[in-house]
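Structure first, commentary second.
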Amino acid sequence: MLRLNINDTFTKELPADPIEENYRRQVPEACYSYVQPTPVKRPSLIAWSEELADLLGIKLTPDTKDKFRDLLSGNSSLEGFKAYAHCYGGHQFGHWAGQLGDGRAINIAELSHQNQQWVLQLKGAGPTPYSRSADGLAVLRSSIREFLCSEAMHYLGVPTTRALSLVTTGEQVTRDMLYDGNPKEEPGAIVCRVAESFLRFGNFQIFLARNDKKNLQKLMDYTLKHFFPAFGPPSKEAYISMLQEISDRTLDMIIHWQRVGFVHGVMNTDNMSILGLTIDYGPYGWLEGYDYGWTPNTTDAQNRRYRFGQQASVGLWNLAQLASAFHPLIEDKERIEAILDSYRTKFQDKFFSMMMAKLGLDGSHESDKMILSKLIETLHLAETDMTIFFRELIKVHKDLSPKEALGKIQLAFYEPYMVKDALKTNWINWFELYIKRLKESDTDVSERIQLMQESNPKYVLRNYMAQVAIEKAEKGDYSLIEELSEMLKSPYTDNPKYDHWYKKRPEWARHKVGCSMLSCSS
């Protein structure tokens with residue numbers, strides 16, 4: 001028997017769906033439905049986060065490995081805990097979609113360890129009442145992407161859900177990867193996701209949409225008690241403080257996305273965590289060329305609602321929807337609007353400070369804003385790799401000429417031969433400004449370099465890297481999952497062992513499915 005410290009607050013304190021039969025339906029007046037994962041034929045544990053397991057108080061030993069494999073594949077359950085799926089709604093691509101819920105996610109444990117609460121959730125473990133017309137399963141490629149990215153984001157310092165394990169099911173799952181009428185069978189898999197809570201904006205929205213103030217109050221009070229206890233017992237003031245904190249955390253998360261060049265791809269309100277965590281890794285991606293207009297999501301290709309340069313604005317729009325759900329218990333439109341207005345102001349300040357750190361500047365000089373705006377403008381003139389540009393910029397110092405400085409970042413250009421004439425002049429002009437600013441800076445050189453190294457990762461999970469790992473794994477070779485996992489634990493550290501990953505996206509990956517084109521099944 002597995003001995004874990006179960007502490008199931010969610011199901012004990014919030015209303016359950018009274019129907020325990022697992023069939024698709026509308027679920028009114030409930031926060032969740034009890035549902036068991038669907039057993040699989042031949043589960044195999046192929047990836048494991050030892051660091052996260054330590055946080056959970058879990059030890060994988062020869063005696064427990066098979067037991068954890070069965071638990072994390074849905075083939076067994078923890079004694080004393082009933083698995084469940086969340087009920088929530090949400091706006092998808094700006095339109096209210098009604099009830100959504102955990103269609104392929106099942107919470108299999110709530111644990112306490114060292115005064116920290118954790119929820120373990122299986123993604124791809126079978127249908128729930130919220131699966132609508134879907135099967136509740138997941139395929140290996142999407143599960144690899146989620147496992148690698150969750151952990152990569154954690155080590156980058158980005159607020160995120162985590163991934164404990166990756167299990168193959170020994171079964172085939174049919175998917176139409178690009179929704180283009182070409183379904184095929186793929187290997188099935190299950191990821192165990194971990195977070196303090198998986199509550200989303202949509203958990204609150206569903207009660208507003210149903211005019212269910214009683215259960216909205218219960219959920220608000222539960223959230224306040226367990227995740228924002230510093231604001232005191234339930235009251236209007238406590239709810240306002242909680243909304244402000246959620247707004248601040250959401251903004252901080254998005255600033256981190258902008259810092260590392262991450263694009264979520266599906267910032268629907270049901271994919272927004274009330275704890276400010278990056279959640280639901282579907283069609284995500286890292287910028288290759290620095291491009292405010294880029295989105296990794298084929299579904300979003302036309303309108304580009306969730307493009308890189310729009311993420312902060314979408315975050316605000318989503319917060320406005322959450323604020324509407326909070327309003328029946330706050331009933332103070334002016335103070336809610338003040339919170340949303342503060343988001344706008346804080347974004348400008350935080351974005352500027354973050355970009356200054358990437359440039360190794362303190363932001364105190366009157367020329368700093370111009371330096372930043374000119375840089376963003378110049379980066380958009382030709383395809384320039386974001387990660388490599390900022391990492392190579394660390395090598396530029398005040399004793400270089402602008403032309404020498406330009407030579408230091410050549411690795412970042414996808415087509416270096418294009419850096420001539422007007423484009424070259426733009427870069428020379430920018431480096432004149434930047435080097436002049438470095439000469440005027442009071443910051444110690446070593447401090448500037450350290451700041452830039454801590455702000456600009458060398459290794460990120462580019463889509464082509466995940467795709468290569470997927471293709472190997474689909475042939476039964478999981479070695480690249482392990483290699484990438486190890487590399488991404490130290491994304492800011494130079495390591496010659498991984499220099500073959502420090503390069504621009506290969507040309508073969510520019511238009512390859514899985515590297516550039518991703519759907520919500522990815």
Side-chain angles (χ1 to χ4, degrees), residues 46-52 144-145 147-158 160 163 166 256 259-262 285-290 357-360 379 383-400 404-416 419 438 444-473 477-510 512 514-515:
I46 66 169
W48 177 260
S49 173
E50 189 67 40
E51 293 82 356
L52 177 55
I144 289 172
R145 285 171 50 79
F147 179 86
L148 287 175
C149 195
S150 299
E151 291 302 282
M153 292 283 271
H154 168 72
Y155 289 106
L156 282 165
V158 181
T160 181
L166 175 57
H256 276 294
R259 177 178 62 82
V260 300
F262 176 82
W286 265 270
L287 290 188
E288 306 287 355
Y290 192 84
K358 289 179 74 66
L359 291 172
L379 283 169
E383 193 174 19
T384 308
D385 190 276
M386 176 182 176
T387 301
I388 294 176
F389 169 80
F390 281 105
R391 192 70 185 189
E392 294 299 297
L393 189 65
I394 298 172
K395 299 175 182 177
V396 173
H397 54 81
K398 63 183 181 181
D399 295 325
L400 295 179
E404 290 171 326
L406 180 57
K408 294 290 186 182
I409 64 159
Q410 286 297 304
L411 186 62
F413 296 122
Y414 275 82
E415 297 177 329
V419 186
L438 292 181
D444 181 78
V445 173
S446 61
E447 290 180 9
R448 178 179 70 85
I449 291 174
Q450 181 179 350
L451 176 62
M452 295 179 76
Q453 287 176 334
E454 292 173 349
S455 303
N456 299 307
K458 182 169 184 177
Y459 309 108
V460 295
L461 183 66
R462 298 173 186 266
N463 279 347
Y464 88 86
M465 294 159 60
Q467 185 60 29
V468 174
I470 289 165
E471 291 173 2
K472 281 184 173 289
D477 180 354
Y478 308 123
S479 60
L480 198 48
I481 297 175
E482 183 176 354
E483 178 182 334
L484 291 175
S485 294
E486 285 302 310
M487 178 186 75
L488 294 166
K489 288 177 184 177
S490 303
Y492 300 97
T493 303
D494 291 315
N495 190 334
K497 180 179 178 181
Y498 300 120
D499 276 352
H500 58 289
W501 293 117
Y502 183 61
K503 63 180 181 180
K504 299 183 289 290
R505 173 202 57 225
E507 193 58 31
W508 59 259
R510 181 178 292 274
K512 181 179 172 66
C515 299

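A donor-acceptor distance shorter than 3.5 angstrom exists from the side chain of Tyr414 to the backbone of Arg505, with no hydrogens or angles considered. Under a 3.5 Å cut-off, the side chain of Tyr492 and the backbone N or O of Ser455 do not form any donor-acceptor pair.
Between Ala47 and Ile481, the shortest heavy-atom contact is CB-CG2, 4.2 Å. Nearest heavy-atom pair, Leu148 versus Ser485, reported as atom, atom and distance to 0.1 Å: CD2-OG, 3.4 Å. Residues Pro416 and Gln410 share a closest heavy-atom pair of CB-OE1, 3.8 Å. When all heavy atoms of Leu287 and Met386 are compared, the closest pair comes out as CD1-SD, 3.8 Å. Nearest heavy atoms, Tyr459 versus Leu156: O-CD2, 4.3 Å. Between Thr387 and Pro457, the shortest heavy-atom distance links the atoms CG2-O, 3.3 Å.
Between Lys472 and Glu483 there is no salt bridge, since none of the side-chain N atoms of the basic residue sits less than 4.0 Å from a carboxylate O of the acidic one. With salt bridges taken as basic N to acidic carboxylate O contacts below 4.0 Å, one links Arg391 and Asp494.
Taking OG1 from Thr160 and NE2 from His256, the interatomic distance works out to 11.5 Å, rounded to the nearest 0.5 Å. In this structure, Ile409 CD1 and Lys395 NZ are separated by 11.5 Å, a value rounded to the nearest 0.5 Å. Rounding to the nearest 0.5 angstrom, the gap separating the CG atom in Leu488 from the CE atom in Met153 is 11.5 Å. We find the CG-CG distance between Asp399 and Leu438 to be 10.0 Å, quoted to the nearest 0.5 Å. Rounding to the nearest 0.5 Å gives a distance of 9.5 Å between NZ of Lys503 and CE of Met465. Interatomic distance, CZ of Phe389 versus OG1 of Thr384, reported as 8.0 Å (0.5 Å rounding).
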- Task: Show your reasoning for whether side chain to side chain contact (heavy atoms under 4.5 Å, CB included) applies to His397 and Arg448.
- Result: CA-CA 10 Å; His397 54 81; Arg448 178 179 70 85; 4.1 Å; yes
- Show the numbers, then the answer: is there a side chain to side chain contact (heavy atoms under 4.5 Å, CB included) between Lys358 and Arg259? CA-CA 8 Å; Lys358 289 179 74 66; Arg259 177 178 62 82; 4.2 Å; yes
- Message: One pair to check against side chain to side chain contact (heavy atoms under 4.5 Å, CB included): Arg462 and Val468. What are the steps and the verdict?
- Response: CA-CA 10 Å; Arg462 298 173 186 266; Val468 174; over 6 Å; no
- Task: Report the C-alpha distance between Lys504 and Leu411 in whole Å, list the side-chain angles of each, state the deciding distance to 0.1 Å, and finish with yes or no for side chain to side chain contact (heavy atoms under 4.5 Å, CB included).
- Result: CA-CA 8 Å; Lys504 299 183 289 290; Leu411 186 62; 4.3 Å; yes
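Between Tyr464 and Trp501, the ring-plane angle classifies as tilted under the 30° and 60° cut-offs.
Remark: the Asn495 side chain and the Thr493 side chain contain no N/O donor-acceptor pair separated by less than 3.5 Å.
Asn463 places a side-chain heavy atom less than 4.5 Å from the side chain of Arg145. Within the 4.5 Å cutoff, no side-chain heavy atoms of Phe262 are placed close to those of Val158. Side-chain contact between Phe147 and Leu484 is absent, with no heavy-atom pair separated by less than 4.5 Å. Between Phe390 and Leu359 there is a side-chain heavy-atom pair separated by less than 4.5 Å. Proximity of Asp499 to Lys458: side-chain heavy atoms (C-beta onward) are separated by under 4.5 Å at one or more points.
Summarising the local packing, CD of Glu482 is surrounded by 12 or fewer heavy atoms from other residues, nucleotides or ligands at distances under 6.0 Å.
For residues 148-157, the salt bridge (Lys or Arg N to Asp or Glu O under 4.0 Å) pairs, not counting sequence neighbours, are Glu151-Arg162.
The salt bridge (charged side-chain N to carboxylate O under 4.0 Å, His left out) search around Glu486 returns Lys489, not counting sequence neighbours. Every residue two or more places apart in sequence or in another chain was checked for a salt bridge (charged side-chain N to carboxylate O under 4.0 Å, His left out) with Glu50, and none qualifies.
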